[in-house]
Amino acid sequence: GTNTRDCLALAWAPSRSAAPAGLRSCRKSKPFAAQLYIDGRMQHLGLFAVAEEAALAYARAAKEQRQAAGVPTAAERGAAEAEARRRALEAAEAEGLRLERTDGPGGFKGVHRDDSKKSKPFQAQIRSNGRKQYLGNFAVAEEAALAYARAARDKRQVAGLPAPAPPPPVPGGSRGFPVEEASLVS
């Protein structure tokens with residue numbers, strides 16, 4: 001369930017007890033205890049008659065703990081990722097680089113997704129002399145694709161190869177909109 005006043009989502013634990021995360025069953029009068037690890041120690045948050053009350057206490061304490069630790073909210077992370085995407089695309093355009101899309105999980109050539117790396121799941125790699133060269137982990141795929149495109153450009157320059165041909169024009173205009181002939185009326 002969700003408590004709209006506090007904007008907290010209650011996460012139900014995948015267990016046989018079907019109690020929300022951070023709860024355990026104890027007495028008959030108030031059978032649900034809310035607990036949370038704070039600073040490496042289990043903190044007792046209270047006993048509750050209803051699982052949802054205990055889950056709400058847990059969610060509030062967890063939210064306070066995240067805020068105190070300076071952990072960004074999902075909205076803040078989303079805004080930061082959108083800004084990083086925008087900056088990477090602008091840099092690629094300014095440098096005349098092409099970020100090649102693929103159907104793979106990374107979404108771009110030379111980009112792989114590693115979900116075990118939570119904050120920076122996109123890894124860029126390029127082949128050089130038959131070996132994979134690690135270019136780094138990035139928060140968004142576009143940053144990783146930019147690192148790959150720069151490495152590919154540098155590799156071509158070292159080898160004395162010409163730059164690749166520019167991408168073909170998008171049918172129907174630069175942004176996919178139909179191109180209309182402009183006429184001057186006097």
Side-chain angles (χ1 to χ4, degrees), residues 7-16 20-22 36-42 59 62-63 65-181:
C7 297
L8 300 172
L10 307 181
W12 292 88
S15 69
R16 281 187 262 151
L36 177 69
Y37 275 99
I38 300 174
D39 297 327
R41 297 185 62 198
M42 180 63 76
K63 181 180 177 182
Q65 185 179 16
R66 284 190 305 273
Q67 287 174 338
V71 175
T73 65
E76 292 168 337
R77 283 191 309 273
E81 288 175 3
E83 178 63 18
R85 281 187 187 91
R86 185 190 64 74
R87 282 194 319 267
L89 293 172
E90 284 179 358
E93 185 176 341
E95 296 174 35
L97 297 173
R98 185 171 147 201
L99 307 181
E100 296 181 44
R101 286 242 175 233
T102 66
D103 291 333
F108 292 93
K109 184 175 182 180
V111 178
H112 307 281
R113 186 174 178 108
D114 181 0
D115 288 324
S116 69
K117 311 256 191 271
K118 297 290 183 193
S119 64
K120 295 185 177 184
F122 297 97
Q123 186 178 87
Q125 296 177 347
I126 191 167
R127 284 206 169 269
S128 183
N129 299 325
R131 293 185 156 177
K132 284 183 183 178
Q133 180 182 355
Y134 171 76
L135 301 173
N137 278 26
F138 302 87
V140 295
E142 290 79 359
E143 288 178 327
L146 179 59
Y148 175 85
R150 286 174 173 161
R153 175 196 59 202
D154 296 346
K155 183 177 166 184
R156 279 191 305 275
Q157 287 175 347
V158 167
L161 299 173
V170 175
S174 64
R175 290 199 167 89
F177 298 110
V179 176
E180 295 182 17
E181 296 283 330

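No experiment lies behind these values; they were computed from the predicted model shown.
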Can you establish whether the number of heavy atoms outside Q157 located under 6.0 Å from its atom CD is more than 12?
yes
Using distance only, find each side-chain donor-acceptor pair of residues 138-149 under 3.5 Å and give its atom names and separation, not counting sequence neighbours.
unit_1 : atom_1 : unit_2 : atom_2 : d
E142   : OE1    : R85    : NE     : 3.4
E143   : OE1    : A139   : N      : 3.4

Nearest-0.5 Å distance, CD of residue Q65 to CG of residue L36
5.0 Å
Donor-acceptor side-chain pairing of Q123 and Q125 below 3.5 angstrom:
yes
Provide the closest heavy-atom pair for T102 versus K109 in the form atom of the first, atom of the second, distance.
CG2-N, 3.5 Å
Give a yes or no answer on whether the side chain of K155 reaches the backbone of R127 with a donor-acceptor pair at less than 3.5 Å.
yes
Please check this pair: side chain of E95 against backbone of A92, looking for a donor-acceptor N/O pair closer than 3.5 Å.
no
Please test D115 against R113 for salt bridge (Lys or Arg N to Asp or Glu O under 4.0 Å), starting from the C-alpha separation and ending with a verdict.
CA-CA 6 Å; D115 288 324; R113 186 174 178 108; 2.6 Å; yes
Listed partners of R86 passing salt bridge (charged side-chain N to carboxylate O under 4.0 Å, His left out), at least two apart:
E83, E90
